[in-house]
Structure formats: C-alpha cells, structure tokens
Amino acid sequence: MSNTAIKVDNLGKLYRVGQIVSYSTLRESITDAMLAPFRRIRSDRKQQEHAIDASPSGRDTIWALKNVSFEIEHGNAVGIIGRNGAGKSTLLKILTRITTPTEGYAEIYGRVGSLLEVGTGFHSELTGRENIYLNGAVLGMKRREIDLKFDEIVEFSGVKMFIDTPLKRYSSGMQVRLAFAVSAYLEPDILVIDEVLAVGDNEFQKRCLGKMDEVTKGGRTVLFVSHNMAAVKAFCQRTILLEQGEIVMDGPTEEVIKYYLSSGLHNQAERKWDDMNNAPGGNVVRLHSVRAKNSEGKVISEFNIQEPIYVEMEYWVLEKGWDLTNSFYFYDESGLLLFVSRNNLDSNRQNREYPVGLYRSVCCVPGNFLNEGTIVITAAIATDARALHAIERDAISFHVFDPGSGGVRGDFTREWPGGVIRPLFEWNTEHIPS
Amino acid sequence: MGIKSGTTNTIKQDTEKADLPAVVIRPLRGWTPINLREIWNYRELLYFLTWRDLKVRYKQTLLGFAWAILQPFMMMIVFSLFFGNLLKVPSEGIPYPLFNYTALLPWTLFSQGINQSSNSLVNNVSLIQKIYCPRLIMPISGILTPVVDFAIAFIILIGLMFFYGYIPTVRILMVIPLVLLVMLTAAGVGLWLSAINVRYRDVRYTMPFIIQLWFFASPVVYASSILPERFQIIYGLNPMAGIIEGFRWAVVGTDPPGSLMIVSVLITIVIFISGLYYFRRMEKTFADVV
C-alpha cells in the first residue's frame, strides 16, 4: 500500500467556446458573500475563453488543462500558483469531481473536502438549524454525524441566539460564520482550497487562511490555490506552477515562486471583460477593463522605474444616482499593501450623478516613485462607506525595473538599500558655519 | 481559529488509511452505467434535498400544507361545474366530482413531478458548480416531493368515496403500483427535460404549455371511452392515459384499461430508459454549461 493521496496522470480538459453560457436570470437568493466566489468562477472562465486568441489549437476549443501529471503523498501541503486563467481552478474542479476531464485520469485516496463548497446548499428561507443539516448532508456528512456535532457547530458559529431564525435575516458575516462552522467539523483526508475564489470578502479569506493553518499543522493533505505568495510560502513545502493549462514547474516552493516572479509569467498588464454579464461588479457598476500603460498609451508589463505609469479602469455604470469613487490598491509581490489611491479629488468626477454609460478613470503614478519589483493591483469601485459595487482583486500586475542609473539613483550605482517605495524627494545640503 | 478536531478521529483515520476509498476520475464518454451503489450512498442528500423542497414550498403561506388539499379540490369543483354540470361530459355512471378527483390526483402528482424535476438541475446551480454528487438525485428529488402532497390529498379522496357511497375494495391497493408508475413516467420526462433545461432555458417557459396540453390529452375531465375503440392503442401512447384509467379502475371500479394500460407501461419504460441515457450523456457537461 503506497502512501499516495492524489495521483494525476496526463489530465486534460477541453472547453468548447460557446459551450460556456451564463444565465444571469438565475440567482440563488444567497447574499453577496456567498455569490462572490460564484462570480469569480465565471470571470475565470471568461479568461480562458480569451486565451483562445493566442492558442494555436483552434478557434472554437481551448485546453484549459493539458498533460498535467503529478503525485501527492498523504500529509503534504502543495501550492498551486499561476496567473488568472492558467487552469488552477479547472484542476481543482476536476479533482473535486465537479467537472470531468477530457483526457487522462486521476486517483484520489480519501475523503475530499473543499472550501469551494462552504455554505453550498444554504437556503435563505430555512433556519440556521435546518441549514446546518442541509449543508452537512451536502458536504457528505451522515445525519448521525451531524446530530452528534450539532451543539459544537452551533457553539463555534456564534449564532446560537438566531439558530431558529431564517437565514435571510442573518447578516452576511453571520452566514459565513455558520457555513465555516459546519465545514470545520467535516474532517476530510484531503483538503482543497481555492483562495482565489474567496476574494472580495475579507471574512471569508481570513477564515480560509485560518483553516489552512489548522489543517497543515494537523498534518493533512492540502492542495492550495492562491495568488498570495506569502501564504503559499508559509503553508506549502512544494508548489506547482501552471501556465496556459500546463505544468511549467513543480518543486520546492521557494524555487518555484522565485522562478514565477522572475519569469514575468505572472505579469498581465491588462484584463478585459467583454461580456458585461460576466464582468466583476453588480447591478450598479461593472468593470470593463483594467490596464497599465506608459506615457505613450501602450499597455506594457515592464516599466522603467523613472517613467510614469498610467493605471486605468473602464467601467459601465448601469444605474444612475450613485456617488462613485474609484480606487486602486497597490501591493508588492508578497501581498503587502503599499498604498491606496482614490479619485476623491478628481475634478472631473461628478459629485452625485453618474449618468448611465461607459467610463474611464486613470490614475497616474509618477516616475521615480515606486521601488523596483512586481506591483499587483486591485481595482475597486465604491460609494463611500455605503456599498462596494465592484472589486477585482489582483486584477493586473506589472514589473518595475531599475536601469541602474539615473532617476532617484543619480550617480549611485550599487544595489538600492530597500524600501517599499523609492520616491524622489528634494534634498538640501548646506554648510553650517560655526 | 481553534477548531476542536476530534483527536480520536484523526487517529482512526491514520490507522484506516489503507482502507481509504480510491476514487478514480477519468473522462466519461457516451453511455456510462448508473452506479446504483453510489446513489444509495447519497441517499441522505436525496432525503435532505427533498426535505428542503418540502420545507420551503409552503414557507410564508397562511394555509401551509392545506394547499396540498385545496389545489386539487378547487380544481375538482371548477371542473365539476363546467364539464360535469354545464357540458354534461359522460362519467361512466360515477358522480362527476368523484370521477374527476380520482383522475386529478395522479395527474397532479405527475404534473408537479415533471415541473419540479425539469427545473431541479437549474435550481441547484450552486450545488452543481461546487460539489460532487450523482446528479441523478436532483430530478429524483423533484418527483419525490409531490408524493407527500399526493398522500395528503388522497385522504380527501377516501372521504369523497364514502360521501358518494363507494366503499373501497382490495383493488384500491393497486394504487400503490400505479403511483410508482406515475413516478416512473414523471422521472423519465423529468430526466429528459432537466438535462435539456441545463443548456436551453426555454424548457422553463414551455413547461406550462406542455403541462396544459398534456392535461387535455389525458382522461382527467373526460373518460378515455369517449374515443372510438380503434384509437385506444394510439391514445395509450400518452402513458398517463392508461395510468389514470387504471386509477379509476382501482378506486371506483370502472372497466379495467386492458390494452391501453399495456401500451402506456411500455411507453413509460421507453421514456424512462431513454431519459436515463440522455441524462447520463449530458451529465458530464452540466457543471460547465449550467
């Protein structure tokens, strides 16, 4: 008996473009918290559809996954990284048997649990108590198992007072807590986590990482998809890098991440959603595109540290009467938030009414301001303190390079001492006569 | 987050590792046999899905489960007024309300069954996209919920029988296989329509029309005997024809539907097997298409 937990051999998944149709008329009446991951699946697919223009295989089909083989032993935590549309989510969906592969096969030894399914099957008309049973059954727990753990689940969820209240009266935070409480008591042999799907909801993301921490320490098998390199480094000894559906590298996490960050593979200076229904956002606003341009208006992913960077977002305003603020969050490659820029002071920003239509907001990051390295940008549109209309986390990324002379350096030629940014400040030196 | 994962459980898992079930994932092509054992393993989920639909159905209604009785009962009153009293549709010597209500019960079971099962996959999008389970349990759950309504409404039927002086005989036990037959027919149609519905949402909008048409093609407000003998076989192509006449025979003792019944049973089997085949063929694409 080998110690294999997951064995994947030559796995491939072919999507027919046009096979992927979405219907926005059907919405589960679960809150946005529950819907966020759902939307992301769609936009991820959309990505795959776009990748088609570049694929040589044909115009109406696309390999979301191709020739993927690996083996994972019990007790190992393995990270899966790659940029949007690289096939990470498709791989997880095959391993959790949500969708079937087109070719190859996989063997899985043990009960698989995924945080994809947190809160799945929740029905807003049912009470918390009823939903615990329903969700438990959906996750594959036996009724007796749930009976046994029921009190602990309720205790852990912290919604004891409302356990006989219909779910629709819960806040989204309470729903997430209840959902996580149920999944916490499911003890899978293999845990699959798609953190990418959890974006857009801090509570959800925080709990995903908490769950990761707990299970990796408990010595269980974990497959962890994330954009957060720091988290992958912290939890996984081994990492697989996917690009256009294929494994580019498979090895010790440190090496793979280093390669990934240096290869430019992760940089994608432009994201675009042509189909409004699949674009990030809701009834008020939807994103059309996010991109980084140089001063000539060209989309590039390598910027000289001395040149200004124009980060722009285009978006559809679908409902008028909202006071909108656009913001970009600038992160470094480890996930550290460098700064946030908002257009509150934009003089063209009509203060109350945005008529319905397509808009573009551009943020100019001056040259000689960022430090060298990879910059990852999250785009968001909100109405102050009232509503977050659209957010695309890790929407684009680009690399800032230092030519080694000029700019802030002046005539300093050795390695720059560090810092998260490298702004050009005015200095004044004078001799103080004694 | 301090999760109290049972230590005893983890130890058990370690010692049992050798027995961990191996799941093999491979491409599905064409016809794959139904894994009955697997469906059996998921019986609790089937139970909970059915239970959920029942719970949710009459939530926030004043009358609750009384609707299960009221719906067919009101229909019966309307039909008795129009078809029985005004149009004087012959009812084989049986009081029209009883004649009609006896047929309305299997009909309602059938129409609700196909309606719910054909929308079952589409209504469970989040489930399909996020977890694995034999997809078959969704349309099956759709035909199970109306059975509860049927059982409740059946009590009224017994009352009606006594009211009109019909004492149930042993024959009434034949209702059980007949109900199973209705469910099998509804399942066959539901399998077809639910799988089509995943790809083409048109099903949802054609559903009321299909049900209406099928209603008048079935002997609910009239008796199949009003059709000439030579058309009986063709009429049997509507599987509900034989089944509904079978119901009348079992409950109020009309003539047994011989050849009509045989044709209906055969058609039911054809619809069910072909539905199962189509469903299994389409199943692998559900998560990608829905």
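Keep in mind that what you see is a predicted model, and the values were worked out from it rather than measured. Residue numbers start from 1 in every chain, and the chains themselves are labelled A, B, ... in the order their sequence lines are given, proteins ahead of strands.
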Practice problem: State whether the number of non-hydrogen atoms from other residues, nucleotides or ligands found under 6.0 Å of B:Phe73 atom CZ is greater than 12. | Solution: no
Quiz item: Would the A:Phe156 and A:Phe180 ring centres measure less than 6.0 Å apart?
Solution: no
Quiz item: In terms of side-chain geometry, is the basic nitrogen of B:Arg52 or A:Glu130 positioned less than 4.0 Å from the acidic oxygen of its partner?
Solution: no
Self-check item: Under 4.5 Å from a heavy atom of chain A, the part of B:Tyr47 involved
Solution: side chain
Quiz item: If you count heavy-atom pairs under 4.5 Å with chain B, which of A:Glu107, A:Lys7, A:Arg143, A:Lys13 comes out on top?
Solution: A:Arg143
Self-check item: chain B contact via A:Lys142 - side chain, backbone, both or neither, heavy atoms under 4.5 Å
Solution: both
Practice problem: Could you tell me whether a side-chain N or O of A:Thr221 sits under 3.5 Å from a main-chain N or O of A:Gly75, the two making a donor and an acceptor? | Solution: yes
